[in-house]
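Have a look at the structure below, then the notes.
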Protein chains: 2
Amino acid sequence: MPSTARTTDGGVTVVRGEEEVFRRTAHLFADATSITCAANTLSSWGWTNGPRVIADGSPHDRRVPPRRRDARIRKVYRSGMLLDPSWPQRMATVLEHPGAEVRISTDEVNETIILDGRLAILAGDQRSGERSYSLITRRETVHGISALFEAAWRSATDLDVYDAGAAEIRRLAPQVLDLLGRGVKDEAAARELGLGVRTYRRRVAELMAALGADSRFQAGVRARELGLV
Amino acid sequence: MPSTARTTDGGVTVVRGEEEVFRRTAHLFADATSITCAANTLSSWGWTNGPRVIADGSPHDRRVPPRRRDARIRKVYRSGMLLDPSWPQRMATVLEHPGAEVRISTDEVNETIILDGRLAILAGDQRSGERSYSLITRRETVHGISALFEAAWRSATDLDVYDAGAAEIRRLAPQVLDLLGRGVKDEAAARELGLGVRTYRRRVAELMAALGADSRFQAGVRARELGLV
DNA sequence: CCAGCCGTGGCAACAACCTGCCGACGCCGC
DNA sequence: GCGGCGTCGGCAGGTTGTTGCCACGGCTGG
């Protein structure tokens, strides 16, 4: 068995590493008329959004797969991602495409790509370095996954709407996260930022909302997951 | 320039990826009489503690470098690591060596290895996948690093001492972390575990102590760093 | 059996955190 | 200017988290 393909049966192929996913599916992106995509972190599906940044000298340079200009592209991102400093740049790349729609979800989304309702790619867990991915072509399964995606899509809010309210928090997020991460008490943290305690807490609350967290502990976990601390 | 070595000047070599560190230094472990090591996570310096577990089929199998049996081995670990389920197994491997001493630090420690006071290996940040490492041979620098390590060593507590108090919390840690990570309130969490609220909070406090965290947010970050959630 | 030890969990006091409310201030657009 | 709008931050009242204290019960070695 080659080391890249792990399992194949009933229209489901499990592979390890996103490079392998890229190799196997890049050609399908070319004439897909509908691409839907859900991601929890900025680095997910990196190769779908432009040339991947690789340490110099690496032989793994890849480019975004070609796409029909009339393709309908829909993406759902987890809200916390807006807090990442490189988010605006990323969005610029995504929105280059004419028909791209982006929505933001407060809940966690399973990392997914669906092409034309015919192929679904599900990200699995990360073991021994490389993440596993399921490539699914079985029609019934793909339909089921599409339905789940549609539900997530409906419950997510449009980027423009969401973005409007999140400008201020984004400016302060790095500092607030730093202070929280250092275990600084609200009192001191507010002073350090030259804010009132009330406002500082407001910022923290907004942050938690953006991270979809119910408690500060959870916020810590999420922030770390997203690499914000 | 080969893609592995990044910088070389004044007795400092910066390389990327622990495999490269292994290749360059494995022979030095063989006749070192003093090995000191500080680690923040269980996966750090994985190759120094036995064959690395790699996905089947990978060509990267490596073995622990041979060592003199009379070598003095000292290791400092961050306390949170004891919470990892695979900690006991890992310790077994480490303690196989006759003169191994292990201490636990509450504070964060910079990941470091020092061989015989002649070579220091410092882990750097993680960029584009592979972590960077500095291999330092310049005598003055290594001495300075040794001094820092000695300070950390003195302030750390012996494993046996530390371990004695941490038996109970280790049993519950996974469940408590899960509850905290789900944002469950203490009240409900205690009920779910069949504990009094007071005791649950005690567990959380112990957990935070083990993680060296001052706030729950910080604990969340640390827990995530250590891959406990 | 008893004394000592330890984990438990209720109570309480306090610190920290969360939020609704509202007045103050600055910034427009009219 | 002036009314609307939005942000700020104090205050208050509530919830949640943190800790010391102590009584209770189980266990153990004498």
Side-chain angles (χ1 to χ4, degrees), chain A residues 79-80 82-83 106 160-173 175-223 229, chain B residues 79-80 82-83 106 160-224 229:
Chain A
S79 58
L82 301 238
L83 301 177
T106 306
D160 296 336
V161 178
Y162 192 94
D163 209 33
E168 182 61 11
I169 174 61
R170 216 154 54 232
R171 196 177 58 79
L172 275 178
Q175 304 166 60
V176 174
L177 284 164
D178 175 59
L179 289 160
L180 285 172
R182 279 165 30 211
V184 179
K185 302 271 177 266
D186 290 12
E187 197 81 23
R191 239 177 304 131
E192 190 158 331
L193 292 179
L195 293 178
V197 181
R198 180 69 186 86
T199 309
Y200 176 75
R201 295 214 233 265
R202 226 193 293 270
R203 295 285 164 270
V204 176
E206 288 159 359
L207 203 63
M208 284 172 45
L211 292 168
D214 294 329
S215 68
R216 290 199 183 192
F217 181 93
Q218 217 178 5
V221 174
R222 298 273 168 87
V229 283
Chain B
S79 58
L82 301 238
L83 300 178
T106 305
D160 296 336
V161 178
Y162 192 94
D163 210 34
E168 182 61 12
I169 174 61
R170 235 185 359 258
R171 194 176 60 80
L172 276 177
Q175 303 167 61
V176 175
L177 284 165
D178 175 59
L179 290 161
L180 285 172
R182 279 165 31 211
V184 179
K185 304 269 176 267
D186 291 12
E187 199 80 25
R191 240 176 303 131
E192 187 157 333
L193 292 179
L195 292 178
V197 181
R198 181 70 187 84
T199 309
Y200 175 75
R201 295 214 232 262
R202 226 193 292 272
R203 296 287 163 270
V204 176
E206 287 159 0
L207 203 64
M208 284 173 43
L211 292 168
D214 295 329
S215 70
R216 291 198 182 191
F217 181 93
Q218 216 177 6
V221 174
R222 299 272 167 89
R224 177 66 200 182
V229 283

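Note: hydrogens, waters and symmetry copies are ignored here, and every other heavy atom, side chains too, is used. First the proteins, then the strands, lettered A, B, ... as listed; each starts at 1.
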**Item:** Interatomic spacing from CD in B:Glu206 to OG1 in B:Thr199 - rounded to 0.5 Å
**Value:** 9.5 Å
**Message:** Quick check on C:dG9: is either OP1 or OP2 less than 4.0 Å from any side-chain nitrogen or oxygen of B:Thr199?
**Reply:** yes
**Item:** B:Leu180 side chain reached by B:Leu207 side chain, heavy atoms, under 4.5 Å
**Value:** yes
**Asked** Counting side-chain heavy atoms from CB outward, which of C:dC18, D:dG9, D:dT18 is closest to B:Val204?
**Response** D:dT18
**Request:** Could you tell me whether the side chain of B:Arg202 has a donor or acceptor atom within less than 3.5 Å of a complementary atom in the base of C:dG9?
**Result:** yes
**Prompt:** Is the backbone N or O of A:Arg216 less than 3.5 Å from a side-chain atom of B:Arg216, with the two atoms forming a donor-acceptor pair by type?
**Reply:** no
**Item:** Approximate separation, where rounding is to 0.5 Å, of B:Arg182 CZ and A:Ser215 OG
**Value:** 11.5 Å
**Prompt:** Which residues in residues 214-222 of chain A have at least one heavy atom lying under 4.0 Å from any atom of DNA chain D?
**Reply:** none
**A:Arg198 (side chain) and C:dG20 (base): donor-acceptor pair under 3.5 Å** = yes
**Prompt:** Just how far, in rounded Å, is C1' of D:dT7 from CG of A:Leu193?
**Reply:** 16 Å
**Message:** I'd like to know if the side chain of A:Arg203 reaches the main chain of A:Leu172, judged simply by a donor and an acceptor atom lying under 3.5 Å from each other, with no hydrogens or angles considered.
**Reply:** no
**Request:** Let me know the distance between OH of B:Tyr200 and C1' of D:dG17, rounded to the nearest Å.
**Result:** 11 Å
**Length of the CD-P vector between B:Glu206 and C:dG9, whole Å** = 13 Å
**Backbone N/O of A:Asp214 and side chain of A:Gln218: donor-acceptor pair under 3.5 Å** = yes
**Prompt:** Which listed nucleotide (C:dC17, C:dG9, D:dG9) is nearest to the side chain of A:Asp186?
**Reply:** C:dC17
**Request:** Could you state the atom-to-atom distance from CE of A:Met208 to C1' of C:dT19 in whole Å?
**Result:** 12 Å
**Prompt:** Looking at D:dT18, C:dC11, D:dC8, which one has an atom nearest to any side-chain atom of B:Arg201?
**Reply:** D:dT18
**Item:** Rounded distance [0.5 Å steps], CZ in A:Arg222 versus CZ in B:Phe217
**Value:** 12.0 Å
**Nearest to side-chain heavy atoms of A:Arg203, which nucleotide of D:dT19, D:dT7, D:dC11** = D:dT7
